[in-house]
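Fair warning: this is a prediction, and the values are worked out from it, not measured in the lab.
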Amino acid sequence: MALLFVVLTIISCCSNVVLLEILMKEVPGCGNIITFSQFFFIALVGFIFTSKYGTKKPAIPIRNYVVLVIIYFAVSVSNNCALNFDIPMPLHMIFKSGSLVTSMMLGILILKRRYSVQKYISVMLVSVGIFIATFASKNKGRGF
């Protein structure tokens, strides 16, 4: 059953990205309204099913939740703006997923965490992969 959910999640994410790319080609400024619609839909579903129309007490303070949502929305809008610079979609997806170094650095600096050598090597290999993908796509066209 877990495998089914993993497969469905991957299919959903991939189809979402392909559809977004097609829509962005047809209507270049549509990214922000799509992002807003996704956020609105999730908020509506959460309000109805998770908070039971506001009758269930939230697990975290609503103020903290709103701050996180605003930050995530701003990041999503920024990602949409990046697509206006004729960046190939696969490269854009790689950069969006390439926050491992930042996460590790914040873990070291703020949380005082220590990581195993294997984790440092893994982050380095992913970063090298991002560099190679960036370098390889510099002369390629947009899209899949």
Connected via hydrophobic side-chain network under 4.5 Å: I34 and V75: no
Shortest non-hydrogen contact from G31 to N80? O-ND2, 3.0 Å
Report yes or no: do M105 and V126 belong to one cluster of Ile/Leu/Val/Met/Phe/Trp/Tyr joined by side chain heavy-atom distances under 4.5 Å? yes
According to a hydrophobic-cluster definition based on side-chain heavy atoms being under 4.5 Å apart (Ile, Leu, Val, Met, Phe, Trp, Tyr only), do L68 and I110 belong together? no
Other ILVMFWY residues reachable from V117 by side-chain steps of under 4.5 Å: I121, L125
Distance-only donor-acceptor hits, side chain of residues 54-61, under 3.5 Å, sequence neighbours excluded:
residue	atom	partner	partner atom	Å
T55	OG1	K52	O	2.6

Measure the spacing between CZ of R114 and NZ of K119 and express it to the nearest 0.5 Å. 13.5 Å
I71 side chain reached by V67 side chain, heavy atoms, under 4.5 Å: yes
Sorted by chain and number, sequence neighbours left out, side chain to side chain donor-acceptor pair (under 3.5 Å) with N79 holds for none
Is the number of heavy atoms from other residues, nucleotides or ligands within 6.0 Å of OH (Y115) greater than 12? yes
Quick one: ring pair (Phe, Tyr, Trp, His ring centres under 6.0 Å) partners of Y72, sequence neighbours excluded? F39
Distance, nearest 0.5 Å, that separates CE of M104 from OG of S122: 8.0 Å
Cluster link L100 to I108, ILVMFWY, side chain under 4.5 Å: yes
Paired with C13, the side chain to side chain contact (heavy atoms under 4.5 Å, CB included) test is passed by just one of I10, T9, N16, namely T9
Indicate if V77 and F36 have the same hydrophobic cluster label, given that clusters are the connected sets of ILVMFWY residues with side-chain heavy-atom separations under 4.5 angstrom. yes
By side chain to side chain donor-acceptor pair (under 3.5 Å) - contacts of S76 (at least two apart): none
To the nearest 0.5 Å, what is the distance between CG on L20 and NZ on K25? 11.5 Å
Could you list who else is in L8's hydrophobic cluster, with ILVMFWY side chains joined at under 4.5 Å, directly or through other members? M1, L4, F5
Does any N or O in the side chain of S15 come within less than 3.5 Å of the main-chain N or O of S12, such that one atom is a donor and the other an acceptor? yes
Nearest 0.5 Å, please: how far is CZ in F40 from OG1 in T35? 15.0 Å
State the OG-CG distance between S103 and L111, to the nearest 0.5 angstrom. 10.5 Å
Euclidean distance, S37 OG relative to L44 CG, rounded to 0.5 Å: 12.0 Å
Is it the case that more than 12 heavy atoms not belonging to F131 sit under 6.0 Å from its CZ atom? no
